[in-house]
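Below is one structure, written out as structure tokens, with a few remarks after it.
Note that ligands are numbered from 1 as they come in the structure, with each ligand's atoms numbered from 1 the same way. Position 1 is the first residue of the sequence, and the numbers go up from there.
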Amino acid sequence: MAQIIDGKAVSAAVKEEVAQETAKLKEEKGLKVGLAVVIVGNNPASRVYVNNKKKACEAVGFQSFEYAMDEDTTQEQLLDLVNVLNRDARVNGILVQLPLPSHIDEKAVINAISPEKDVDAFHPVNVGRIMIGDYAFLPCTPAGVMRLIASTGVDITGKQCVVIGRSNIVGKPMAMLLLQQNGTVTICHSKTKDLKEVCLGADILVVAIGRAKFVTGDMIKEGAVVIDVGMDRDENGKLCGDVDFESAEKKAGYITPVPGGVGPMTIAMLMKNTLTAAKQQAGLE
Ligand code: NAP
């Protein structure tokens, strides 16, 4: 039976570190840390994410600035706001909640955010810096996964690592981070042949597909570290992951649950990135 990796506990520890450092910066340097969160339209899931980010900011002692814009906001209006926030010294990090309404070009908006304030690490400059291993901050979900793997004590060096999914926000950066930690990395996607065979070779398996319970116990190597990034709904509408937890925990050595695994890490790493941005902008890092 696998050991459960407790994402709530690990994320609480990250937030505690951030809170302590934030308090110290304020006390010793008079520095306040600020995150601006921009939401456009009325997507209910986005609303929940933005509220959670606001709460996390309060918990670690950041100032949070929320900009809620109407669904019919034009691209120009949104770009104007991003430019204002780029110049606002109180704002260390800017997060534009995705997805944006379809009439707005997400790429144009991401490209407009100053790379120094791009705490999601989606800007091409930050993506490029991850490729060459010279990064200021890492995209929050893959960074959270790395922290969860570290919490197991398993050394990535020399391990066969398999990432299922090649999205720009999860799969690709995930693979780069595992590579930087000396893993031997395979990236799988919807056209991969013999997925089960590839997965069975994985000492570390990271699954980011978006299909409920897709990876089953018979695809997992005995003792593997299994990280489930998926946030899906099962046949009863209940939140679940991309991994069939019940069969997988019988084979894995370590496994993340859904909920309570990767999910809480993403916001914790966002707080960490915002603190890093603030320190860099103040010339402290
Ligand atoms: P995405 O952009 O839709 O990418 C999905 C990837 O999975 C694609 O690369 C796709 O391959 C691959 N895929 C789909 N079906 C497959 C199959 N049958 N076999 C192998 N690969 C397959 O998704 P994403 O944004 O990376 O998100 C993935 C999951 O993670 C979702 O459930 C999402 O909700 C969740 N997520 C969670 C967090 C968190 O904080 N916990 C954060 C971000 C995402 P192709 O490229 O060939 O199409």
- Query: Is there a donor-acceptor pair closer than 3.5 Å between any side-chain N or O of K251 and the backbone N or O of S247?
  - Reply: no
- What residue and atom, counting heavy atoms only, is the protein's closest point to atom 33 (C) of ligand 1, and at what distance? M231 N, 4.2 Å
- For atom 17 (C) of ligand 1, what's the nearest protein heavy atom and its distance? F214 CZ, 3.8 Å
- To atom 1 (P) of ligand 1, the nearest of P139, C140, S167 on a heavy-atom basis is S167
- atom 5 (C) of ligand 1: the protein heavy-atom neighbour that sits closest, reported with distance to 0.1 Å: I209 O, 3.3 Å
- Query: If you draw a 6.0 Å radius around CZ in F65, do more than 12 non-hydrogen atoms from other residues or ligands fall strictly inside?
  - Reply: yes
- Task: Run down the list H189, R211, R166, R233 and name the one with the heavy atom closest to atom 8 (C) of ligand 1.
- Result: R166
- Task: Could you tell me whether T192 approaches ligand 1 through its side chain, its backbone, both or neither, with non-hydrogen atoms closer than 4.0 Å?
- Result: neither
- Query: Where does T141 meet ligand 1, judged by heavy-atom distances below 4.0 Å: at the side chain, the backbone, both, or neither?
  - Reply: side chain
- Can K29 and E21 be said to form a salt bridge (Lys or Arg N to Asp or Glu O under 4.0 Å), step by step? CA-CA 11 Å; K29 312 261 179 211; E21 209 176 332; over 6 Å; no
- Indicate yes or no: does an N/O atom of K191 lie under 3.5 Å from an N/O atom of ligand 1? no
- V225 reachable from I220 in the ILVMFWY side-chain graph, under 4.5 Å edges: no
- In terms of hydrophobic clusters joined by side-chain contacts under 4.5 Å, are L270 and V127 together? no
- Item | Option nearest atom 31 (C) of ligand 1 (shortest heavy-atom distance, choices G210, G165, A45, G171) | G210
- Task: Output yes when the distance from some N or O of ligand 1 to some N or O of V170 is under 3.5 Å, and no in every other case.
- Result: no
- Is V262 linked to I164 within one hydrophobic cluster, defined over Ile, Leu, Val, Met, Phe, Trp and Tyr using a side-chain heavy-atom separation of less than 4.5 Å? no
- Task: Heavy-atom contacts with D232 under 4.0 Å: which atoms of ligand 1 show up? List them by number with element.
- Result: 32 (O)
Extract all donor-acceptor atom pairs below 3.5 Å that involve side chains of residues 84-99 and protein atoms in other chains or at least two apart in sequence.
from	atom 1	to	atom 2	distance (Å)
N86	OD1	S114	N	3.0
N86	ND2	A112	O	2.9
D88	OD1	R90	N	2.9
D88	OD1	R90	NE	3.2
D88	OD2	R90	NE	3.4
D88	OD2	R90	NH2	2.8
N92	OD1	G34	N	2.8
N92	ND2	Q281	OE1	3.0
Q97	OE1	K53	NZ	2.7

- Any heavy atom of G263 sitting closer than 4.0 Å to ligand 1? yes
- Message: Can you check which of D228, V229, T266 brings a heavy atom nearest to atom 40 (O) of ligand 1?
- Response: T266
- Task: For I164, take its heavy atoms, then give the atoms of ligand 1 lying under 4.0 Å from any of them.
- Result: 20 (C), 21 (N)
In a table with atom names and distances, give each donor-acceptor pair under 3.5 Å that connects a side chain of residues 200-214 to protein atoms at least two apart or in another chain.
from	atom 1	to	atom 2	distance (Å)
D203	OD1	K221	NZ	2.7
D203	OD2	Q160	N	2.8

- Note on the structure: Tested for side-chain hydrogen bond (donor to acceptor under 3.5 Å, both in side chains) against N126, the lone hit among D120, D118, N273 is D118
- Can you establish whether the number of heavy atoms outside K117 located under 6.0 Å from its atom NZ is more than 12? yes
- atom 48 (O) of ligand 1 - nearest protein heavy atom and its distance: S190 OG, 3.6 Å
